Amino acid sequence: MGDHPPSERVLRVPWTWIGASAALLVGLWFLDLFVLHTGLLTRFRGQPALTPLYTFWIPVVRPTVLIFPILAAGLVWIAPRLVDPDRTSRTRFALILPLAAVLLAFALFLVRESPTQLGAQWNLYRNEEFWHDALRITDLRAFLAHHVELMPRLSTHGRHYPPGNALLLYGVSRTFGPNEWAAGATVLALAAAALPLVFLALREIATESAARQGALLVALAPTFLDHACTAMDAVFLFFAALALWLGLRACGPRGRVLDAVLAGCALLLATLFSFSTFPLGLALTLYALIRLRARAWKPLLVIGATYVVCALLLQGFAHFSLWDAVQMGQKNAHEFMARVSAGKPNIDRVRLGYGNSVAFLIGAGAPLIAAAFARFRQDGFRRSPWRIATVLALSVMAFAPLHYLETERIWLYAVPWVAGAIVCDGPLDSGSLRRIAAASLVQALAMECLLFTLW
């Protein structure tokens, strides 16, 4: 176990807090939708997005909607037993949690779609998704070596991202053929596999039971359940969770040089899937500086040096320059946003920062945010370096010129940060855990029935 206080402080979150959090988030959502009018997100079949979320008012209810609440009720019932180390072994927990996540996420998918439609969302628009880039790859080595040159001609998403997503989907297409369902199933499997890594990461800053609770809260977050089936951000969650675990371990009380080396390698691997690895690196750096202070230089130096060496080796052997890819991705993103925002009013950094924050909070879920508020009220900042690092990193992410809304999906990898900020001082009581779990699942189901996302 990691950096936690000697005496745990059990957290209680009553229904009133959850209800107040839901009301607050609805109010913040409506403020953007009806007052600020941040007109950046594109329409879908003539309908404007419900900003700051990239979602649309298209209610759908199929008979399969009944599957989700049945599974949800079962998980809420067993949740206290599942997170109790004396009643459920660690191995069993690590197996049950991802299995439950797969079942719940797929059941939520069935609210709107038939089982055969898994992965079909990637073909709503032609040449928009990594899947289309993957299908055009004929020479893997050449694609990687010339990726920077190819970026301006890739799909809408491929132009702004490193090659990892397309390479993964290429591997799926080579194994199973050009089968969107197999690709969607792969995404779902990797999303679920991220949860044991989240648990391991949280064990570095919390006790066993508290870390289990944090991983469960991530699995029940509306953004996880909504995007785990086909959004490549769920794939990035897997690699980001791996890097988070190794990074927290390297900066923790048991940190070794080997842990720092592995963390640097994991961060480089994560960067191949998303440049959002850089905000993750910022969060880990802040945590190390706050927790270790003058002693932070050693793990940070080893992590950074390993990262650079891995990038140079990649460039030497595969002829892929990460630095050039970062610059090209930034150039393409700025050009794309300039075209999208041309002639549209009410687009400025303050509005975008507000929208980034609110969209992420809604995606994480009103119950999770209620628990975060309750923890801040009970323990403030003084007890947890990770809580301070999370608030600072999310603040920078919100207002820096890095993200342009859609953060309810893109920032999925940061939901474990919030869960960690909640459980790092101690677990929730059993009643609060059930309340948060139930309310998170209700929010996810309500949003899925009423709203449509492109993922």
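The structure displayed is predicted, hence computed values, not measured ones. Just so you know, residue 1 is the first one in the sequence shown, and it goes up from there.
Checking Thr407 against His403 by side-chain atom types alone, no donor-acceptor pair falls below 3.5 Å. No hydrogens or angles considered: nothing links the side chains of Asn165 and His157 as a donor-acceptor pair under 3.5 Å. Under 3.5 Å, the side chains of Thr390 and Trp386 contain a donor-acceptor pair of N or O atoms. For the residue pair Ser89 and Arg92, no side-chain donor N or O sits within less than 3.5 Å of a side-chain acceptor on the partner.
With hydrogens and angles disregarded, no donor-acceptor distance shorter than 3.5 Å links the side chain of Thr88 to the backbone of Pro85. Between the Glu408 side chain and the Tyr54 main chain, a donor and an acceptor come within less than 3.5 Å of each other. Side chain of Arg434 to backbone of Asp429: no donor-acceptor contact under 3.5 angstrom is found. A donor-acceptor pair is defined here as one N or O able to donate and one able to accept, closer than 3.5 Å; no such pair exists between the side chain of Ser440 and the backbone of Pro367. Trp411 places no side-chain N or O within donor-acceptor distance of the main-chain N or O of Ala398, the cut-off being under 3.5 Å. Under a 3.5 Å cut-off, the side chain of Thr306 and the backbone N or O of Cys265 do not form any donor-acceptor pair. At distances below 3.5 Å, not a single donor-acceptor pair connects side-chain atoms of Gln315 with backbone N or O atoms of Trp323. With hydrogens and angles disregarded, a donor-acceptor distance shorter than 3.5 Å links the side chain of His227 to the backbone of Thr223.
For the pair Glu204 and Arg254, the salt-bridge criterion is met [side-chain N within less than 4.0 Å of a carboxylate O]. Arg9 and Asp425 are not joined by a salt bridge, as no carboxylate oxygen comes within less than 4.0 angstrom of a charged side-chain nitrogen. For Asp259 and Arg256, the salt-bridge test passes: some basic side-chain N is under 4.0 Å from an acidic carboxylate O.
With rounding to the nearest 0.5 Å, the separation of CZ in Arg12 from CZ in Arg435 is 5.0 Å. Between Ile436 atom CD1 and Leu216 atom CG the span is 10.0 Å, to the nearest 0.5 Å. The structure places OG1 of Thr230 at 9.5 Å from CG of Leu188, a figure rounded to the nearest 0.5 Å. How far CG of Leu225 is from CG of Leu441: 6.5 Å, rounded to the nearest 0.5 Å. The structure places SG of Cys229 at 10.0 Å from CD of Glu113, a figure rounded to the nearest 0.5 Å. Here OG of Ser155 is found 7.0 Å from CD of Glu129. Values are rounded to the nearest 0.5 Å.
Contact check for Lys298 versus Val257: side-chain heavy atoms found under the 4.5 Å cut-off. No side-chain heavy atom of Gln117 sits under 4.5 Å from any side-chain heavy atom of Glu180. Taking 4.5 Å as the limit, some side-chain heavy atom of Met447 sits within range of a side-chain heavy atom of Leu53. Looking at Asp133 and Tyr170, their side chains never come closer than 4.5 Å, going by heavy atoms from C-beta outward. Side-chain contact between Ser173 and Leu135: present, with at least one pair of heavy atoms (C-beta onward) separated by less than 4.5 Å. With a 4.5 Å cut-off on side-chain heavy atoms, Leu99 and Leu95 do not count as touching. When side chains are defined from C-beta on, Val415 does not count as touching Phe224, because their heavy atoms never get closer than 4.5 Å. A heavy-atom distance below 4.5 Å is not found between the side chains of Ser432 and Leu11.
Close placement of the Tyr413 and Phe236 rings is indicated, their centers lying within 6.0 Å of each other. When ring centroids are compared, Phe93 and Phe199 come within the 6.0 Å threshold.
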Let's go through Tyr287 and Ile205 carefully: what are the C-alpha distance in whole Å and the side-chain angles of both, what is the deciding distance for side chain to side chain contact (heavy atoms under 4.5 Å, CB included) to 0.1 Å, and is it a yes or a no? CA-CA 11 Å; Tyr287 172 71; Ile205 56 173; 3.7 Å; yes
Before giving the answer on ring pair (Phe, Tyr, Trp, His ring centres under 6.0 Å), spell out for His132 and Trp122 the whole-Å C-alpha distance, their side-chain angles and the decisive distance to 0.1 Å. CA-CA 8 Å; His132 303 130; Trp122 289 332; 8.8 Å; no
If you apply the rule side chain to side chain contact (heavy atoms under 4.5 Å, CB included), what do you find for Leu169 with Met232, and how did you get there? CA-CA 10 Å; Leu169 293 176; Met232 295 304 290; 4.1 Å; yes
Yes or no on side chain to side chain contact (heavy atoms under 4.5 Å, CB included) for Leu428 and Leu217, after CA distance, side-chain angles and deciding distance? CA-CA 11 Å; Leu428 298 147; Leu217 295 180; 4.1 Å; yes
Let me see the working for Ile388 and Leu392 under side chain to side chain contact (heavy atoms under 4.5 Å, CB included), right down to the final yes or no. CA-CA 6 Å; Ile388 301 173; Leu392 291 177; 3.9 Å; yes
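Using cut-offs of 30° and 60° on the angle between ring planes, the pair Phe106 and Phe109 is parallel. Using cut-offs of 30° and 60° on the angle between ring planes, the pair Phe278 and Phe275 is parallel.
Counting all heavy atoms, side chain and backbone alike, Leu154 lies closest to Arg159 at O-NE, 2.8 Å. Residues Cys251 and Ala288 come closest through the heavy atom pair SG-CB, 3.6 Å. Looking at every heavy atom in both residues, Gly214 comes nearest to Ala419 through O-CB, 3.6 Å. Nearest heavy-atom pair across Phe452 and Leu124 is CZ-CD1, 3.9 Å. Nearest approach of Ser21 to Ala366, heavy atoms of both residues: OG-O, 2.8 Å. Nearest heavy atom pair, residue Thr271 against residue Pro162, reads O-CG, 2.9 Å.
The number of heavy-atom neighbours closer than 6.0 Å to CH2 of Trp297, taken from other residues, nucleotides and ligands shown, is 12 or below. More than 12 heavy-atom neighbours from other residues, nucleotides or ligands sit within 6.0 angstrom of CZ on Phe399. Heavy-atom contacts from other residues, nucleotides or ligands closer than 6.0 Å to CH2 of Trp181 number 12 or fewer.
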Check residues 237-248 and write down every donor-acceptor pair under 3.5 Å in which the side-chain atom is one partner and the other belongs to a residue at least two apart or another chain.
none

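A cation-pi arrangement, defined by a distance under 6.0 Å to the six-membered ring centre and an angle within 45 degrees of its axis, is present between Arg387 and Phe376.
Among Val261, Leu268, Leu269, Leu267, the one residue that satisfies the side-chain contact (heavy atoms from CB on, under 4.5 Å) test with Cys310 is Leu268.
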